[in-house]
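Here, residue 1 is the first one in the sequence, and each next residue gets the next number.
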Amino acid sequence: MAAVRSVCTLNATTEPAAEASVGSQVPKSKVWELDFCSRPILDERGKKVWELLICDPQRSFEYAQFFPNNKINSAELKAALEALLQQPGAVRPEKVRFFRGQMQTIISRALADLDLTPVPTRRCFALIGWLEDRLESVYKSHPGYSDKAASPFTLELGAPLELPDRLRGEAWNFVQLPLEVLQQELRDVERGSIFGGSLDLQQALRRQVPPDTMIPGVAVYSRRAGALAAWTNSLELAAVSADTDRAFLILDTGVNQRWRYGGYRRTVETTAEANSWEEAKQAVGGLHFLAIQENEDAEGCAGLWLLLDRKPPNI
């Protein structure tokens, strides 16, 4: 496939060295992952350089463009996206994911002007991995690179909110499944037979996981499992975590929304079980799942989501 070169709107003195990458600059995917933010690079005026990055979840499509800091607005972003979509063979995405809440206004406005659907979410794993790669291979090798220009990304999380009644199950358990079994179950999601979501593990984890690895999860039970799965699928699920200090599960959605997802009576045993579940999750790089079933004996799921509790990028 063709090598990718960064497109730069700056002058030659600030243009980064071109880098090679496997991918294409013509978008074909129904899903994009987008970032538009400053980088730890200063131009000849001593001003921060900004960058637009777009890829798909498999990174088969990659696009990079630098911007001077006096052209950071929704109109400039819209123009760049419009030019990208006007390429022969370009496919319009059904949704565009982004993880920087502070850029939501500019990004959402530019996308809305092009009738593209913005999705604020932490499920931008291919993009986050690409950003981490570029920090080492592109930004730090640029002559304008400056540690002082770095703006570490921070995820501002508020206190968990009460979960709406329509999203409540009747009971739940900590569970686990071998990865290969979990992936077989996820085929129903990919076929559209049940609600849910999967991940490209190669891009999300960036490491190999043996198929017999036990993956921790949470199973939620409800007599209205189908309706509960449908409502849950309307959220942009990020992760589930166990808060042992307050003895309840936390469901993270979108970029920074948090919900009290399920409580339990705090005892030595339940606290140890919750801690063990979190340790198992961290042992597989944050990989875990959420399943919705009618009951513990149900043969299948009404909803299944493969999730990843991953730290945000340090850029």
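Side-chain contact between Leu177 and Ile215: absent, with no pair of heavy atoms (C-beta onward) separated by less than 4.5 Å. Between Val255 and Thr121 the shortest side-chain heavy-atom distance does not fall below 4.5 Å. Counting only heavy atoms from C-beta outward, the side chains of Glu296 and Asn173 approach each other to under 4.5 Å. Side-chain contact between Phe98 and Val119: absent, with no pair of heavy atoms (C-beta onward) separated by less than 4.5 Å. Side-chain contact between Ile54 and Phe61 is present, with heavy atoms from C-beta onward closer than 4.5 Å. Side-chain atoms of Leu199 and Phe289, non-hydrogen and from C-beta on, never get closer than 4.5 Å to each other. Contact annotation: the side chain of Phe195 never approaches that of Val189 to less than 4.5 Å [non-hydrogen atoms, C-beta and beyond]. Looking at heavy atoms from C-beta onward, Leu228 lies in side-chain contact with Ser222 at the 4.5 angstrom threshold.
Annotation: the span from Asp113 atom CG to Glu82 atom CD amounts to 9.0 Å, rounded to 0.5 Å. Between the CG atom of Leu205 and the CG atom of Asp200 there is a distance of 10.0 Å, given to the nearest 0.5 Å. The CZ atom of Arg168 sits 11.5 Å away from atom CZ of Arg166, with the distance rounded to the nearest 0.5 Å. Arg122 CZ to Thr253 OG1: the interatomic distance, rounded to the nearest 0.5 Å, is 8.0 Å. Interatomic distance, Leu52 CG to Gln65 CD, rounded to the nearest 0.5 Å: 6.0 Å. Distance check, rounded to the nearest 0.5 Å: CH2 of Trp50 to SG of Cys37 gives 5.0 Å.
Side-chain contact of Tyr264 with Glu273: a donor-acceptor pair under 3.5 Å is absent, judged by distance alone. A donor-acceptor contact under 3.5 angstrom links the side chains of Arg45 and Asn69, judged on distance only. Between Ser60 and Asp56, the side chains place a donor N or O and an acceptor N or O closer than 3.5 Å (distance only, hydrogens not considered). Inspection of the Trp259 and Asp252 side chains reveals no N or O donor paired with an N or O acceptor under 3.5 Å.
For the pair Thr271 (side chain) and Val268 (backbone), a donor-acceptor distance under 3.5 Å is absent. Side chain of Lys48 to backbone of Ala149: a donor-acceptor contact under 3.5 angstrom is found. Side chain of Lys78 to main chain of Arg109: no donor-acceptor pair is present (N/O by atom type, distance under 3.5 Å, no hydrogens or angles). No side-chain donor-acceptor contact under 3.5 Å links Glu156 to the backbone of Asn256. Looking only at distances, a side-chain donor or acceptor of His288 sits under 3.5 Å from a matching main-chain atom of Val240. With hydrogens and angles ignored, the 3.5 Å screen pairs no side-chain donor or acceptor of Glu51 with any backbone N or O of Phe66. Within the 3.5 Å criterion, the main-chain N or O of Ala229 finds no donor-acceptor partner in the side chain of Asn233.
A salt bridge is defined here as a Lys NZ or Arg NE, NH1 or NH2 lying under 4.0 Å from an Asp or Glu carboxylate O, and Arg223 with Glu170 meets this definition. Ion pairing of Asp133 with Arg206 is present here, as a side-chain N (NZ or NE/NH1/NH2) and a carboxylate O approach within less than 4.0 Å. For Glu62 and Arg134, the salt-bridge test fails: no basic side-chain N is under 4.0 Å from an acidic carboxylate O. Salt-bridge formation is not detected for the pair Glu190/Arg187: no Lys NZ or Arg NE/NH1/NH2 atom is positioned less than 4.0 Å from an Asp or Glu carboxylate oxygen. Between Glu132 and Arg310 there is a salt bridge, with a side-chain nitrogen of the basic residue lying less than 4.0 Å from a carboxylate oxygen of the acidic one.
A chain of hydrophobic side-chain contacts below 4.5 Å, direct or via other Ile, Leu, Val, Met, Phe, Trp or Tyr residues, connects Val181 to Leu287. Residues Leu235 and Ile292 are members of one and the same hydrophobic cluster, defined by side-chain heavy-atom contacts under 4.5 angstrom among Ile, Leu, Val, Met, Phe, Trp and Tyr. By the criterion of side-chain heavy atoms lying less than 4.5 angstrom apart, applied directly or through intervening Ile, Leu, Val, Met, Phe, Trp or Tyr residues, Val91 is not grouped with Leu81; the two fall into different hydrophobic clusters. In terms of hydrophobic clustering, with Ile, Leu, Val, Met, Phe, Trp and Tyr side chains grouped at heavy-atom distances under 4.5 Å, Leu249 and Trp305 are assigned to a common cluster. If you chain together hydrophobic residues whose side chains sit under 4.5 Å apart, Val220 and Val175 never meet in one group.
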Discussion item. Go through it in stages, so that I can follow the logic: the residues are Phe67 and Phe36, the test is ring pair (Phe, Tyr, Trp, His ring centres under 6.0 Å), and I'd like the CA-CA distance, side-chain angles, deciding distance and then a yes or no.
Written reply: CA-CA 10 Å; Phe67 289 75; Phe36 189 46; 5.3 Å; yes

Worksheet item: Would Thr117 and Val96 count as a side-chain contact (heavy atoms from CB on, under 4.5 Å) if you check the C-alpha gap in whole Å, the side-chain angles of each, and the deciding distance to 0.1 Å?
Response: CA-CA 6 Å; Thr117 303; Val96 180; over 6 Å; no

Discussion item. Does Leu237 form a side-chain contact (heavy atoms from CB on, under 4.5 Å) with Thr232? I'd like the steps, not just the answer.
Written reply: CA-CA 8 Å; Leu237 301 188; Thr232 302; 3.9 Å; yes

Practice prompt. Begin from the C-alpha positions of Leu77 and Ile72 and carry the test side-chain contact (heavy atoms from CB on, under 4.5 Å) through to its verdict.
Written response: CA-CA 8 Å; Leu77 178 57; Ile72 307 307; over 6 Å; no

Practice prompt. Take Ile128 and Asp35 through the test side-chain contact (heavy atoms from CB on, under 4.5 Å) and record every step on the way to the result.
Written response: CA-CA 9 Å; Ile128 290 171; Asp35 187 41; over 6 Å; no

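Between Gln293 and Ala298, the closest heavy-atom pair is NE2-O, 3.4 Å. In terms of heavy-atom proximity, Ser198 sits nearest to Arg123 at O-NH2, 3.0 Å. In this structure, Ser74 and Ile106 approach most closely via the heavy-atom pair CB-O, 3.6 Å. Listed here is the closest heavy atom pair of Pro210 and Leu179: O-CD2, 3.9 Å. In terms of heavy-atom proximity, Phe174 sits nearest to Ala242 at CZ-CB, 4.3 Å. Counting all heavy atoms, side chain and backbone alike, Leu167 lies closest to Tyr261 at O-CE1, 4.1 Å.
For the side chain to side chain contact (heavy atoms under 4.5 Å, CB included) with Trp32, the lone residue among Pro93, Pro57, Cys124, Cys55 that qualifies is Pro93.
More than 12 heavy-atom neighbours from other residues, nucleotides or ligands sit within 6.0 angstrom of CZ on Arg224. More than 12 non-hydrogen atoms from other residues, nucleotides or ligands lie less than 6.0 angstrom from NZ of Lys28. Within 6.0 Å of atom CZ in Arg92, more than 12 heavy atoms from other residues, nucleotides or ligands are found, so the atom counts as buried in its surroundings. Gln257 CD: more than 12 foreign heavy atoms inside a 6.0 Å radius.
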